[in-house]
Amino acid sequence: MMNRIKLACSSNVYTGIALTEAIRKLAAIGYQGIEIVAGHERLHQSDGHSGCTQAVKDALIFHDLEVSNIAIQHCHLNSDVHNLIRSAHVKALQRTIWQNRHYLERIKYYVSVARTLNCPSVTITPGVADPTIDARRLLIAMITKIEELGEYAQNLGVSVGLMYGPGLFFPTADAMRAVFSQHRNINIAFHVGRSSSSCETPCSIMDTYRNYIKHITVADTGYGGRDYLIPGAGTIEWISFFKTLHRVQYGGFVTVDLSSYKDMPDYAIKRSYYYLTNIMHGVERAHQPQTRSA
């Protein structure tokens with residue numbers, strides 16, 4: 001079963017270079033997939049949305065790489081939204097983000113890009129925690145729009161995952177039950193580093209919510225002067241985690257989040273790749289049937 005797990009890396013470690021070059025670098029190491037940060041595909045491209053997508057698709061085919069996920073955040077949608085967030089209207093935007101038709105249409109656009117690139121999922125950050133807003137009213141508005149988004153994505157064969165963690169609108173996986181338990185095709189965007197920072201046990205979350213997790217992001221936590229650490233450089237028990245993936249029969253992408261290593265991306269992607277593939281191969285060997293010698 002472990003052969004079904006494919007290792008990917010997020011393009012967020014290479015946000016300073018063209019996405020096509022990031023694809024080349026990850027493929028050269030041995031990664032099977034890349035997570036595209038929404039907006040990255042337009043870096044150093046001037047021939048419009050369709051031209052950007054085609055250039056990425058050509059690079060993926062040439063380097064035999066898949067897209068594990070498209071990660072969408074508010075500031076990645078377009079320059080207009082980004083400028084609003086930086087303006088004095090930021091609180092108003094946070095309060096009405098799920099009532100903004102333009103915001104929803106931009107997410108739909110990246111769902112269609114995911115379909116074009118044969119990407120199985122998109123993940124979105126539904127908002128940040130804000131004690132000045134009525135969380136219940138925001139949740140009602142959010143659920144209405146998420147239902148529409150989920151139906152649109154389902155028709156295209158793309159899964160939608162909601163991100164949670166410290167400082168976000170949903171701080172824990174349990175807080176998301178009101179959303180993903182009611183809507184098909186709405187799942188958990190499971191970030192192991194954020195889960196650990198929320199005082200959850202990642203193995204337990206995987207056990208409890210296995211049916212709602214379609215994409216996994218991994219990063220370590222601990223004391224290293226960075227938000228997230230290279231897997232193996234922190235406190236998370238990765239051998240136990242991958243044993244759990246084997247036990248629950250997870251078969252999808254595991255994407256490495258190295259956004260804290262933009263100062264040394266080449267080193268980070270190499271170390272993460274060899275560390276995680278060694279663990280995955282070790283778990284695979286441990287579960288292979290033993291043959292008796294004559």
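Being a predicted model, the structure only gives us computed values, none of them experimental.
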Assess, by modelled atom type and distance only, whether the side chains of [X] and [Y] contain a donor and an acceptor separated by less than 3.5 Å.
X: T217; Y: D257; answer: no
X: D227; Y: S260; answer: no
X: Y261; Y: N12; answer: no
X: H215; Y: T255; answer: yes

Do [X] and [Y] touch side chain to side chain, with heavy atoms closer than 4.5 Å?
X: E147; Y: E151; value: yes
X: K262; Y: T15; value: yes
X: T123; Y: V160; value: no
X: D58; Y: Q54; value: yes
X: P265; Y: L258; value: no
X: V248; Y: M206; value: yes
X: I216; Y: I213; value: yes
X: E35; Y: V67; value: no

Is the shortest distance from a Lys or Arg side-chain nitrogen in K108 or E105 to a carboxylate oxygen in the other one below 4.0 Å?
->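 Salt bridge flag = yes for E105 with K108.
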Pairing residues for D220 by the side-chain contact (heavy atoms from CB on, under 4.5 Å) criterion, not counting sequence neighbours =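 Result, side-chain contact (heavy atoms from CB on, under 4.5 Å) vs D220: L229, I236, W238.
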Indicate if [X] and [Y] have the same hydrophobic cluster label, given that clusters are the connected sets of ILVMFWY residues with side-chain heavy-atom separations under 4.5 angstrom.
X: I239; Y: I205; value: yes
X: V192; Y: V256; value: yes
X: F253; Y: L245; value: no
X: I17; Y: M264; value: yes
X: V37; Y: Y228; value: no

side-chain contact (heavy atoms from CB on, under 4.5 Å) assessment of F242 paired with V254 | CA-CA 10 Å; F242 277 92; V254 171; 4.3 Å; yes
Please say whether more than 12 non-hydrogen atoms of neighbouring residues, nucleotides or ligands are located less than 6.0 Å from [atom1] in [X].
X: D263; atom1: CG; value: yes
X: L156; atom1: CG; value: yes
X: E21; atom1: CD; value: yes
X: R115; atom1: CZ; value: no

As an exercise, state the distance from [atom1] of [X] to [atom2] of [Y], rounded to the nearest 0.5 Å.
X: I34; Y: I23; atom1: CD1; atom2: CD1; answer: 5.0 Å
X: E66; Y: D64; atom1: CD; atom2: CG; answer: 8.0 Å
X: R247; Y: C203; atom1: CZ; atom2: SG; answer: 7.5 Å
X: Y109; Y: I72; atom1: OH; atom2: CD1; answer: 10.5 Å
X: N185; Y: I146; atom1: CG; atom2: CD1; answer: 12.0 Å
X: H191; Y: T125; atom1: NE2; atom2: OG1; answer: 10.0 Å

In this structure, which one of L276, I230, L7 forms a side chain to side chain contact (heavy atoms under 4.5 Å, CB included) with V218?
->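 Between V218 and the candidates, side chain to side chain contact (heavy atoms under 4.5 Å, CB included) is satisfied uniquely by L276.
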Using every non-hydrogen atom in the two residues, find where [X] and [Y] come nearest and quote the distance to one decimal.
X: F190; Y: P202; value: CZ-O, 3.7 Å
X: I269; Y: C9; value: CG2-SG, 4.0 Å
X: T235; Y: G222; value: CG2-CA, 4.4 Å
X: I186; Y: G150; value: CD1-CA, 3.9 Å
X: Q249; Y: R4; value: O-NH1, 4.5 Å

Would T208 and S204 satisfy side-chain contact (heavy atoms from CB on, under 4.5 Å), going step by step from the backbone distance to the final call?
-> CA-CA 6 Å; T208 304; S204 177; 4.1 Å; yes
Main-chain N/O of G39 paired with E41 side-chain donor or acceptor, under 3.5 Å =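 Such a contact is found between E41 side chain and G39 backbone.
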Main-chain N/O of K214 paired with S159 side-chain donor or acceptor, under 3.5 Å =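 No; zero donor-acceptor contacts below 3.5 Å.
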ring-ring contact (aromatic ring centres under 6.0 Å, His included) with Y31: which residues, sequence neighbours excluded?
->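 Scan of Y31 (ring-ring contact (aromatic ring centres under 6.0 Å, His included), adjacent residues dropped) gives Y273.
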Do Y14 and H40 pass the ring-ring contact (aromatic ring centres under 6.0 Å, His included) test, and can you show the C-alpha distance, the side-chain angles, and the key distance before you say yes or no?
-> CA-CA 9 Å; Y14 280 126; H40 194 171; 8.4 Å; no
Enumerate, atom names and distances included, each donor-acceptor pair closer than 3.5 Å involving a side-chain atom of residues 161-179, sequence neighbours excluded.
{"residue": "Y164", "atom": "OH", "partner": "E200", "partner atom": "OE1", "Å": "2.7"}
{"residue": "T172", "atom": "OG1", "partner": "A175", "partner atom": "N", "Å": "3.3"}
{"residue": "D174", "atom": "OD1", "partner": "Y209", "partner atom": "OH", "Å": "2.1"}
{"residue": "R177", "atom": "NE", "partner": "Y209", "partner atom": "OH", "Å": "3.3"}
{"residue": "R177", "atom": "NH2", "partner": "Y209", "partner atom": "OH", "Å": "3.2"}

Only one of Y274, Y267, Y275 forms a side chain to side chain donor-acceptor pair (under 3.5 Å) with R271, so which one is it?
->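 Between R271 and the candidates, side chain to side chain donor-acceptor pair (under 3.5 Å) is satisfied uniquely by Y267.
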Before giving the answer on side-chain contact (heavy atoms from CB on, under 4.5 Å), spell out for M280 and I5 the whole-Å C-alpha distance, their side-chain angles and the decisive distance to 0.1 Å.
-> CA-CA 9 Å; M280 293 168 64; I5 295 180; 3.6 Å; yes
